[in-house]
Every structure is written in C-alpha cells, then in structure tokens.
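Written out below as structure tokens is the structure these notes cover.
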Amino acid sequence: LVKLTIDGVSVEVPAGTTVLEAAKKAGINIPTLCYLKDINQIGACRMCIVDTGARAFGAACVLPVANGMNVKTNTPKIREARRVNLELLLSNHDKKCLDCARNQKCELQQMCQDLGVDDVDKYKGKMNEYDIDDLSPSIVRNNNKCILCRRCVAACNNTQAVGVIGPMGRGFKTKIGSAWEQPLNDVACINCGQCIAACPTGALYEKDSTKAVWDLLNDETKTVVVQPAPAVRAALGEEFGIPMGTSVTGKMAAALRRLGFNKVFDTDWAADLTIMEEGTEFIGRLNNGGVLPLITSCSPGWIKFCETYYPDFIPNLSSCKSPHEMEGAMIKSYWAEKVGIDPKDIKVVSVMPCTAKKFEAKRPELGHNGLADVDEVITTRELAKMIKEAGIDFANLPDEDFDPVLGESTGAGVIFGATGGVMEAALRTVYEIVTKETLDKVDFTAVRGIEGVKEATIKVGDLDVNVAVAHGTANAAKLLDSIRSGEKTYHFIEVMGCPGGCVTGGGQPIVSAQKRMECDPKTLRAAALYNEDANKPQRKSHENASIMAVYKDYLGEPNSHLAHELLHTHYTA
Ligand code: HC1
Ligand code: SF4
C-alpha cells in the first residue's frame with residue numbers, strides 16, 4: 001500500500017492508484033471533464049490539476065500516487081486555473097443550454113456551477129460554427145457543443161473497436177469527425193450510441209422520435225401499442241431520482257398507460273418467444289450438422305458490426321429477428337387477427353435502451369406484407385422526457401401490470417437485458433428440451449458478470465456444450481478472432497453490442513463520469529433484472545403459458561413455416 005496525504009487527509013491505497021481515485025477514497029471530488037473511468041484516461045483537459053509541490057501542476061487522472069506525497073487539490077491558484085480552463089472552453093461553445101439535449105445533465109454546465117464561473121462570455125471572440133450531422137437514423141452530432149474531450153472517440157475506438165470518429169484539423173480548427181468529413185450515416189458506424197453515453201455535453205444525442213410518437217398518440221384512427229425492452233425497467237427510475245439498481249416495471253407500465261398507449265405489451269414476452277425459436281434453431285444445428293457456433297442476433301449494433309467487419313461469421317448468426325421485431329410482427333399478425341383490427345391501423349412503438357434499434361426498425365427486411373414490424377423506437381431517455389412532458393408523477397405511480405397476452409413473460413425474458421442473460425435463458429430451455437429433465441438450479445452464474453468474455457462448458461445430456469458470451473464489440477472482435485485462428489471452438493455464443501449488455505445501452509439514462517467512479521451501472525442495473533427474475537413465478541421461456549398457447553393456436557411448432565415467415569430474417573454483407 002502507498003501512504004499519502006490529500007488536502008490534509010491521509011489515505012492508503014494500492015500502488016498504481018491515481019491521485020484522482022485516491023482523492024475519491026478520501027471523500028474529495030476532483031473535477032474532471034475528459035476523464036472517463038476505464039475508457040478515457042489521457043490527462044488532456046487539465047480540469048483535474050493538483051499541486052504536489054512539483055514545478056508544474058499534475059493531472060490527477062493520470063498521476064500515480066507515491067509514498068509520502070502531499071497533494072493539494074483546492075488552492076486559490078488551482079481554482080483559478082480551472083476557472084480559466086472552463087472560460088476558455090466556453091469561448092468556443094454555443095451555450096444554448098435551454099434547448100440542449102443535456103440541459104441539467106451536462107458535466108460542463110455542472111462544473112461551471114460548481115466552480116463558480118460567473119461570466120460565461122469572459123473570452124468572447126470568434127467561434128467555430130458547425131453544421132449538425134443528423135443524417136444517421138440513430139445518432140445526432142452537434143460539434144458546436146463539443147469540448148474535444150475525446151471520450152466519444154475512446155468509446156468508439158477502444159470499447160467498440162469501430163473507430164469511425166476521431167480528431168481532425170489543428171488548433172482552433174480541431175474538431176471531432178469522420179474521415180473526409182463524411183456524415184456518420186455514410187461511414188461504418190454501428191449506431192450503438194456508446195459515444196453518446198460517453199459524451200459529457202450535448203454534442204452527441206439520439207435522433208428524437210418523441211414528436212412522431214406524440215403524433216401517433218394523437219391520431220384517433222390508429223391503435224398505438226407500446227412494448228418496453230427488458231433493460232428499460234432497470235434504469236428508467238434513475239431519470240426520476242429513484243436509486244440506480246431499482247427496477248420500476250410496474251410504474252413503467254402505469255406511465256405508458258397514462259401516456260395514452262392503447263395497449264401496453266412487453267418485449268420480455270417476445271424474449272421468451274425468441275428463446276423458443278433460437279433454442280430450436282440451436283438444437284437443429286447441433287443435430288443436423290448446421291453451422292456452429294450459433295451466434296445470437298438480438299443486438300442490432302452487433303449485427304451491423306458483424307455484417308461490416310466480420311462478414312465471414314454471417315452464416316453463424318441466428319436467423320431469429322430480435323425480440324422487439326418479433327413482438328411487432330406478432331402484434332401485426334396474431335394479435336391483429338385476434339382483436340379484428342387491420343394491421344395497417346396498428347402502430348407499434350418500442351421503448352429501447354438502445355439507439356441502434358432506431359436503425360434496426362428501418363431495415364426493409366424487418367417487416368411483413370409491406371408493413372414494418374416496428375414503427376417508432378424511443379430510447380429510455382426519450383420515454384422519460386415524454387413522461388415529464390405529460391406531467392406524470394412517476395415516482396408516486398402505482399404498480400400496474402402489462403396487458404395480456406403479449407405482456408406476459410418469465411424471468412428468462414427479463415434477464416435478456418444483462419450481458420449473459422440471453423445465453424442463460426437459452427440454456428434453461430435447451431437443457432430441459434434436450435434432456436427432458438427438470439433443471440435443479442436455473443441460475444447459470446458462469447455466464448453472469450461483467451468480465452469482457454465469459455466462457456462455460458455446460459453438460460446437456462451426453463454433450464458438453466461450450467458457450468461464450470461477449471459484450472461490447474471490441475470484446476466480440478477478440479472472441480471472433482480466437483475462433484478464426486482456431487484457438488477456440490464453441491457451440492453457442494451470445495454477443496451484445498454494448499458493454500454490459502442492454503442495461504448500459506446507448507439509450508439509457510446518462511451516468512456522469514463522477515458517478516461512474518462511485519458505482520458500476522452495468523452491475524447495479526443487471527442486479528435489478530436478476531432480482532426480478534428470481535421473484536418471477538416462471539423462470540423458463542418454455543413455461544410461458546401464453547407463448548405455448550400462441551404456438552398451439554397460431555404458429556404451430558417453433559421454426560414452423562409461419563414462424564419463419566414472421567419471426568426470422570437474413571443478413572447482408
Ligand atoms: Fe435488448 Fe433485446 S435484450 S436487444 O439487449 O434481445 O435494446 O433490454 O430489447 O429486441 O428482449 C435492447 C434490452 C431488447 C430485443 C430483448
Ligand atoms: Fe462509434 Fe457507436 Fe458512436 Fe457510431 S454510435 S460513432 S459506432 S460509438
């Protein structure tokens with residue numbers, strides 16, 4: 001352990017700890033802007049400067065602790081230097097906070113307030129003026145709000161191994177953009193939104209769909225049906241001051257009903273349906289010498305990554321549509337028929353933790369009879385915005401249920417939202433179908449947790465099934481490389497495009513860099529889902545009575561001709 005003093009407080013921390021982390025341990029928050037734990041640690045913005053008695057101030061985020069170090073984080077000189085830093089950033093920042101997507105959640109705004117910046121125009125002068133890039137179906141980039149911290153660049157490059165954005169130009173003309181100044185829509189962006197999650201300001205945000213959804217809700221000729229994704233319930237409460245890690249399923253259903261949706265269904269139902277389809281596909285590939293490993297296909301960012309960067313793995317992808325697309329297809333076929341509504345008059349809105357789902361919903365192959373399976377996608381953040389706009393007192397709502405039958409799910413559907421959840425849900429069903437035995441323990445803990453790549457060997461009857469789980473496309477790339485090189489062989493793989501899985505998708509409530517030092521949203525939000533799963537009366541997809549009834553009355557068998565027509569798709573290299 002290393003012993004040092006920070007602002008007169010003595011601290012003991014392991015060697016290699018940064019001064020920033022050591023200070024946090026001592027209850028001292030050093031301001032940061034470019035720092036993002038485990039993602040961007042470059043000491044560039046100079047907001048975290050501290051005085052160690054050395055000739056120059058050091059950047060605490062990259063400064064390792066040393067024995068006997070005496071650190072001052074809060075001297076008049078340091079405070080003044082930080083204020084000047086902020087004032088210089090503001091001199092080239094558009095400062096239109098009132099209509100900014102990040103108003104009240106902006107780290108720059110918060111810091112100006114915390115550090116007492118009282119003249120935002122102190123260094124008024126020439127400013128860059130950039131066009132807003134809003135051609136992507138998922139992501140909007142507004143460089144007028146960019147502070148060049150490079151957190152988005154690190155997320156895109158390192159966490160996602162995509163690297164389609166980076167700094168360009170020099171000096172005053174430096175900006176973040178794509179090669180040849182192309183819009184994001186014209187480069188190989190996978191729409192994951194991890195750049196948004198990393199951005200401290202309003203330079204990156206999702207393409208707004210709330211206006212389109214309000215219009216649908218006001219259209220009396222349409223039946224508007226909503227379905228929230230598994231991960232939304234694990235984080236929506238955060239937008240209303242409810243602690244991270246609290247699942248708000250019942251309040252969410254109540255809020256959706258109060259917003260005026262005609263039916264409040266649940267993507268978790270289709271997650272159970274996905275397990276029936278994908279589990280059957282897996283057993284079929286095992287028995288018939290099909291292409292293995294089978295790789296899950298729920299995450300549209302991952303799908304685009306595979307299509308773009310690893311097209312040789314396309315035959316490995318499950319042909320299953322993602323659950324919310326399946327739900328949309330079933331709403332516009334099975335349910336429409338049941339209630340006697342023309343599918344043309346039904347509009348399906350998905351609430352997703354994901355920005356790539358906006359892109360996915362527009363894929364022309366994801367529809368039936370000329371109708372898209374899903375009409376609009378809003379993120380968890382956009383849903384929170386709509387709830388606030390409607391004046392709904394979310395925190396005090398009663399718990400309500402989803403509507404039957406496309407709102408009835410098992411615990412297996414719930415855990416889809418966390419990395420490893422789809423694999424665990426599939427194993428619960430595949431095991432029982434293959435062995436015809438009841439599982440003693442449905443928890444497959446080996447595939448839980450936030451390790452980048454998880455592996456397990458599961459005995460299913462006579463067969464040792466090798467499974468792997470990767471989250472974040474950089475981890476997926478590592479996993480695929482190990483298969484390509486012949487180093488690893490697997491039967492079944494789950495990939496989710498975002499680190500942590502959907503719970504920390506690009507459409508989830510923003511967690512500031514300071515908060516990420518205190519807790520890990522990946523773990524806390526996942527715990528909310530595992531807890532909900534543990535308390536569900538049914539925890540295996542094949543025990544979902546409404547799914548079984550739909551097979552009996554409508555689809556026939558899993559992977560039937562009709563199931564293929566409605567619930568499966570193909571991919572393009
Ligand atoms: Fe996901 Fe999925 S789990 S992809 O991670 O398979 O977004 O939550 O809705 O469709 O069910 C996201 C989450 C979500 C789908 C499901
Ligand atoms: Fe990169 Fe994902 Fe952002 Fe696209 S959406 S720029 S792939 S981080």
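Counting convention: from 1, in listed order, for ligands and their atoms alike.
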For ligand 2, indicate whether the residue Asn191 contacts it via side chain, backbone, both or neither (heavy-atom separation under 4.0 Å).
backbone
Number the atoms of ligand 2 from 1 as they appear, then name those within less than 4.0 Å of a heavy atom of Ile139, with their elements.
5 (S)
Atoms of ligand 1 less than 4.0 Å from Ser322 heavy atoms?
10 (O)
I would like to know whether Arg285 and Glu281 meet salt bridge (Lys or Arg N to Asp or Glu O under 4.0 Å); could you show each step before the answer?
CA-CA 6 Å; Arg285 289 196 191 202; Glu281 183 184 6; 3.0 Å; yes
Kindly indicate, with the supporting measurements, whether the criterion side-chain hydrogen bond (donor to acceptor under 3.5 Å, both in side chains) is fulfilled by Glu382 and Thr379.
CA-CA 5 Å; Glu382 288 174 281; Thr379 60; 3.3 Å; yes
Is there a donor-acceptor contact under 3.5 Å from the side chain of Gln227 to the main chain of Phe265?
no
Which ligand 1 atoms, with their elements, are less than 4.0 angstrom from a heavy-atom of Met496?
5 (O)
Using the six-membered ring wherever Trp is involved, compare the ring planes of Phe394 and Phe240 and label them parallel, tilted or perpendicular (cut-offs 30° and 60°).
parallel
Measure Glu325 to ligand 1 on non-hydrogen atoms and call it side chain, backbone, both or neither using the 4.0 Å cut-off.
neither
Nearest heavy atom to atom 1 (Fe) of ligand 1 wins, so pick from Cys502, Ala425, Gly301.
Cys502
Between ligand 1 and Ser299, is the shortest N or O to N or O distance under 3.5 Å?
no
Any heavy atom of Ile190 under 4.0 Å from ligand 2? The part involved is both
Side chain to side chain, Thr419 and Glu494, heavy atoms closer than 4.5 Å
yes
Taking both backbone and side chain into account, is any N, O or S atom of Cys192 nearer than 2.8 Å to atom 4 (Fe) of ligand 2?
no
Taking the six-membered ring where the residue is Trp, are the ring centres of Trp269 and Phe402 under 6.0 Å apart?
no
shortest atom 6 (O) of ligand 1-to-protein heavy-atom contact is with Cys298 CB, 2.8 Å
Verify the distance criterion only: is there a donor paired with an acceptor across the side chains of Ser136 and Lys358 at less than 3.5 Å?
no
Quick one: look at His324 and ligand 1, take heavy-atom pairs under 4.0 Å, and tell me if it's side chain, backbone, both or neither.
both
May I ask you to identify the nearest protein heavy atom to atom 4 (Fe) of ligand 2, giving residue, atom name and distance to one decimal place in Å?
Cys189 SG, 2.4 Å
What residue and atom, counting heavy atoms only, is the protein's closest point to atom 3 (Fe) of ligand 2, and at what distance?
Cys195 SG, 2.3 Å
Report yes or no: does Pro353 have a heavy atom closer than 4.0 Å to ligand 1?
yes
Starting from the C-alpha separation in whole Å, work towards a yes-or-no answer on salt bridge (Lys or Arg N to Asp or Glu O under 4.0 Å) for Arg257 and Asp403.
CA-CA 10 Å; Arg257 208 162 272 126; Asp403 287 315; 3.2 Å; yes
Would the distance check show the side chain of Asn316 and the main-chain N or O of Pro293 forming a donor-acceptor pair, the cut-off being under 3.5 Å?
yes
Any idea which atoms of ligand 1 are less than 4.0 Å away from a heavy-atom of Ala231?
8 (O), 13 (C)
Are the side chain of Lys454 and the backbone of Ala446 linked by a donor-acceptor contact shorter than 3.5 Å?
no
Just jot down the ligand 2 atoms closer than 4.0 angstrom to any heavy atom of Cys156, in number order.
1 (Fe), 6 (S), 7 (S), 8 (S)
Touching ligand 2 at all, Gly193? Heavy atoms, strictly under 4.0 Å?
yes
Hey, is the main chain of Gly497 close enough, under 3.5 Å, to the side chain of Ser299 for a donor-acceptor pair?
yes
Those atoms of ligand 1 less than 4.0 Å from some heavy atom in Cys354:
7 (O)
Taking Gly506's backbone N and O only, do any of them form a donor-acceptor pair with Arg381's side chain (distance below 3.5 Å, no angle check)?
yes
Atom 3 (S) of ligand 1: the protein heavy-atom neighbour that sits closest, reported with distance to 0.1 Å
Phe416 O, 3.3 Å
Using a strict 4.0 Å cut-off to heavy atoms of Ala271, name the atoms of ligand 1 that fall inside it.
11 (O)
